[in-house]
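Shown next, in structure tokens, is the structure this report addresses.
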Amino acid sequence: MTIEAGQTHAGIQRDDDMLADLTEPQREAVTHVEGPLLVLAGPGSGKTRVITRRIAYLVKGVGIAPWNILAITFTNKAAGEMRERVGRSLSERQARATTVMTFHSFCARILRDYADLVGLKPTFTIYDTADQQRAMKRALEDLDFSSNNFPPARVLATISNAKNELIDAEAFAAAASGFFDKKVAQLFSKYQSILRASNAVDFDDLLLLCVRLLREQTDVTEALRDRYQYLLIDEYQDTNHAQFVLAHALASGRARPNICATGDPDQSIYAWRGADIRNILDFETHYPDAAIVKLEQNYRSTQRILDTADALIQRNRQRKHKRLWTENEQGDKPLVVTCADERDEARWVVEHLTLLHDRQAIPWSGMAVFYRVNSLSRSLEEAFRAAAVPYQIARGTAFYDRKEVKDLIAYLRVLANPSDEVNLLRIINTPARGISDNTVKAMQAYATAHQLPLADVLDDVRPVTALNARAVSAVQKFNAQLLGWRRDAGLIENQPSPTHDTTPSLRMFVERVLRESGLEDYYRNDKGDPDSERLANLGELITSVQQYESDADAQAQLDEQPQPGVNNKLLGYLEQVSLVSDVDSLEGDPARATDGMVTLMTLHAAKGLEYPAVVIVGFEDGLIPHQRSRDNEKELEEERRLLFVGITRAMRRLSITRARRRTIFGQTQPTIRSAFLNELPSEGIETEDSGGEESDPFDRLDATGLASEFPPGTNVRHPQFGLGRVVNIATSGLQTRAKVHFNTVGSKTLILEYARLQRVEF
DNA sequence: TTGGGTGTTATTTTT
DNA sequence: TAACACCCAA
């Protein structure tokens with residue numbers, strides 16, 4: 001039976017059909033309709049199922065119009081998955097009427113509609129990290145700052161943190177106190193003016209400007225609240241302040257906000273990117289009459305794996321109590337394996353996985369190896385290659401970061417948005433066309449002196465007296481080319497759209513730009529040898545254009561809209577490129593029966609995935625928890641959550657390995673086992689030696705045990721100095737030094753092995 | 001304009 | 001160690 005959108009109670013499906021296969025808490029979450037709802041979903045607890053079922057229930061069970069539903073996720077992958085699963089339980093028409101988007105695409109869409117209200121043109125460009133870096137370098141140059149003292153990445157990170165807190169350049173300047181912050185304030189303001197002049201925004205601006213829009217334009221807010229009456233937010237533990245405010249603004253304005261947040265504080269691993277775990281921990285404070293549902297039953301892992309994870313996470317204080325349980329079998333004890341060094345560790349991993357593959361018939365695609373830092377993948381790769389075991393590395397957005405791909409996209413961006421200086425400067429002489437650095441500098445100087453956008457200077461270069469005839473003609477030729485392209489794509493305002501026989505499709509248009517810009521020849525002739533890989537990548541980009549185009553055309557047809565023009569498709573495509581990375585290009589869906597390959601990735605990248613067999617390597621102090629997170633209790637808890645995420649990815653087999661020695665930065669050093677080792681239930685795990693070398697009888701004397709007994713923040717008593725509090729703890733070699741702030745004598749650094757510190761509980 | 005020499009630095013990266 | 005950015009020379 002298909003129910004058409006908009007139909008009311010007459011055609012409502014009986015609840016039982018949709019609810020029969022749910023557990024009690026799941027049913028509770030699905031059937032909660034009005035008012036705030038928080039779903040605390042442990043790993044593997046069927047969260048996505050609950051969310052999609054809830055959407056189906058709202059539409060089919062309650063009769064809510066699908067266009068009143070807005071579901072927000074963090075990743076495109078999650079959005080795509082959710083869209084797909086919603087599509088399965090609703091009619092196609094209903095499913096298409098719901099809005100399932102990432103925070104950023106949602107904001108981008110709103111800003112396109114209301115660009116003028118926040119000082120943008122609808123053609124604005126979304127700058128990615130590389131674009132941001134270029135813009136920041138320009139800001140540094142303009143202000144004569146040395147990039148040694150102000151590394152662009154660090155400055156941008158500071159600015160990003162500010163924007164996540166909804167602090168704009170002005171507010172930042174007002175609050176800046178230290179030397180660095182004051183300088184950053186100047187850079188912040190310069191950077192924003194560069195972006196503004198380029199009609200460009202960065203990822204954080206999408207959120208910031210959206211919030212500003214909602215705050216300042218009450219009619220827009222009203223319209224959006226009216227449209228999106230039921231709000232679902234996934235991975236709520238990862239929301240930053242801006243996202244919290246945005247969600248709140250949308251949900252407010254009615255007596256009981258219809259906001260449904262799902263997430264798990266124990267899986268919050270992005271605080272360093274601005275995520276604020278308090279958003280989920282304090283949900284009931286923000287929404288006093290919130291209903292809370294806990295999904296604690298796990299359908300993924302064996303009992304022993306779950307017990308290990310649970311024991312670990314119970315150590316955290318910043319959390320909501322939750323007890324994980326499962327009806328799954330007990331399973332094998334998780335293994336903790338000590339290896340000689342990283343090569344021995346890698347060898348053990350490959351051997352272990354090969355055994356699981358051959359004896360237990362687990363396909364390669366059902367296995368994953370996680371590490372804390374990317375650099376650990378190297379020794380693993382070597383071992384996998386040596387043993388001829390198929391593997392893949394999950395790396396982020398490699399494709400769109402390729403030089404040749406970025407070049408072509410830069411052309412498209414400049415065509416869509418002539419103000420985009422960062423990208424204009426990228427392509428102005430790529431490939432070389434006789435517009436030298438000096439020519440560019442002269443034009444920039446002229447632009448600055450006359451307060452003109454660089455694009456205007458290109459339109460008429462003759463007044464730039466510093467240029468010789470050759471330079472002028474080179475610039476004119478280039479500019480004429482840009483104009484020609486724009487005209488044919490219908491990208492020039494106040495001009496009739498192109499006749500369809502000029503440039504009938506976006507794909508053909510992009511191919512034409514590729515050819516006529518000289519990029520194609522440039523990469524073909526590069527160094528004499530046919531640079532086939534680069535050309536192949538460009539070909540792949542064309543394919544993605546075509547893909548986008550046919551999707552857009554099909555969508556228009558379904559919506560009974562006229563076919564979009566090349567100009568609109570170009571804008572849409574560029575937005576997709578900016579907001580969609582290719583992380584989901586991972587092969588080896590464990591559900592598939594193919595043998596596939598083993599997947600190697602960071603612990604962060606593992607979130608949301610599951611594998612029958614998991615190995616976590618580098619279980620050492622300084623790695624897990626990471627060096628930089630040791631001094632701070634909050635960060636230490638995040639490291640614990642990271643390990644928790646890693647452990648809970650495993651369905652049946654879990655192994656954790658460490659090396660006694662590891663070579664880092666070219667230096668081989670003895671390691672100390674992770675402080676978290678003592679937090680795993682000793683009866684519930686099995687320890688083993690890799691057999692790579694004789695085990696060291698003194699190994700057990702290492703300092704780790706002590707270190708974990710005195711995490712920063714611990715209150716202690718010293719026989720001489722009295723009461724104090726551990727400030728930080730550092731391990732070097734076999735010694736553990738603790739810096740303790742004593743109530744009476746101030747700070748002292750003590751060697752834990754000798755200082756007779758005692759814990760004091762209050 | 002490119003290449004080589006030098007110096008600096010070293011998590012995690014949903015968008 | 002190794003990757004990357006930067007600067008200078010040809």
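Model, not experiment: these values are computed from the prediction. Residue numbers start from 1 in every chain, and the chains themselves are labelled A, B, ... in the order their sequence lines are given, proteins ahead of strands.
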Interatomic distance, [X] [atom1] vs [N] [atom2] [rounded to whole Å]:
X: A:Phe74; N: B:dT14; atom1: CZ; atom2: P; result: 13 Å
X: A:His626; N: B:dT12; atom1: NE2; atom2: P; result: 7 Å
X: A:Phe370; N: B:dT12; atom1: CZ; atom2: P; result: 16 Å
X: A:Glu575; N: B:dT15; atom1: CD; atom2: P; result: 14 Å
X: A:Arg628; N: B:dT9; atom1: CZ; atom2: C1'; result: 10 Å
X: A:Asn76; N: B:dT13; atom1: CG; atom2: P; result: 17 Å
X: A:Glu235; N: B:dT15; atom1: CD; atom2: C1'; result: 14 Å
X: A:Glu637; N: B:dT12; atom1: CD; atom2: P; result: 22 Å

Can you check the distance between B:dT12 and C:dA5, where both ends of the measurement are the C1' atom (answer in whole Å)?
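Nearest-Å result for B:dT12 against C:dA5 at atom C1': 23 Å.
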Provide the distance between the two C1' atoms, one in C:dC6 and one in B:dT11, to the nearest whole Å.
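So the two C1' atoms sit 24 Å from each other.
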Is any side-chain N or O of A:Arg273 under 3.5 Å from a base N or O of B:dT15, one able to act as donor and the other as acceptor?
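Yes, a donor-acceptor pair under 3.5 Å.
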Carboxylate-amine/guanidinium contact A:Arg134 A:Asp131, below 4.0 Å:
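The answer is no: the pair does not qualify as a salt bridge.
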Applying side chain to side chain contact (heavy atoms under 4.5 Å, CB included), can you list everything that pairs with A:Ala309, at least two apart in sequence or on another chain?
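A:Ala309 satisfies side chain to side chain contact (heavy atoms under 4.5 Å, CB included) with A:Phe644, A:Ile647, A:Thr648 only.
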Give a yes/no on whether any side-chain N or O of [X] is located under 4.0 angstrom from OP1 or OP2 of [N].
X: A:Asn374; N: B:dT12; answer: yes
X: A:Thr602; N: B:dT13; answer: yes
X: A:Asn429; N: B:dT1; answer: yes

Base, sugar-phosphate or nothing for [X]? Non-hydrogen atoms, less than 4.0 Å.
X: A:Ser629; value: base
X: A:Glu639; value: base
X: A:Tyr270; value: base

I want to verify the glycosidic state of B:dT11; is it syn or anti under the 90° rule?
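Syn, which is what one calls it when the glycosidic angle falls within 90° of 0.
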Quick check: A:His104 with A:Phe74 (ring centres under 6.0 Å apart)?
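Ring centres of A:His104 and A:Phe74 not closer than 6.0 Å.
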Quick check against the 3.5 Å criterion: does A:Glu342 have a side-chain atom that pairs as donor or acceptor with the backbone of A:Ala659?
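Judged by distance alone, no pair lies under 3.5 Å.
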Pick the nucleotide of DNA chain B nearest each of A:Asp437 and A:Asp204; which residue has the one closer to the 5' end?
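Going by which nucleotide is closer to the 5' end, it is A:Asp437.
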Any idea which of B:dA10, B:dT11, B:dT15 is nearest the A:Phe665 side chain?
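Among B:dA10, B:dT11, B:dT15, the one nearest the side chain of A:Phe665 is B:dA10.
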Going by centres under 5.5 angstrom and planes under 30 degrees, do the aromatic ring of A:His604 and the base ring of B:dT12 stack?
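No.
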So, A:Trp272 and B:dT12: ring centres less than 5.5 Å apart, planes less than 30° off, yes or no?
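Aromatic stack with B:dT12 present for A:Trp272.
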Set of residues satisfying side chain to side chain donor-acceptor pair (under 3.5 Å) with respect to A:Arg83, sequence neighbours excluded
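Partners of A:Arg83 under the side chain to side chain donor-acceptor pair (under 3.5 Å) test: none.
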Nearest 0.5 Å please: distance from the NE2 atom of A:His248 over to the CD1 atom of A:Ile259.
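Output value for this atom pair is 8.5 Å.
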Yes or no on salt bridge (charged side-chain N to carboxylate O under 4.0 Å, His left out) for A:Glu620 and A:Arg658, after CA distance, side-chain angles and deciding distance?
CA-CA 6 Å; A:Glu620 295 144 35; A:Arg658 70 173 182 111; over 6 Å; no
Any chance you could list the contact pattern along nucleotides 2-10 of chain C? Use B for base contacts, S for sugar-phosphate-only contacts and - for none, protein heavy atoms under 4.0 Å, 5' to 3'.
S---S----
A:Ser160-A:Asp204 side chain donor-acceptor pair, cut-off 3.5 Å
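Distance-only check passes for A:Ser160 and A:Asp204.
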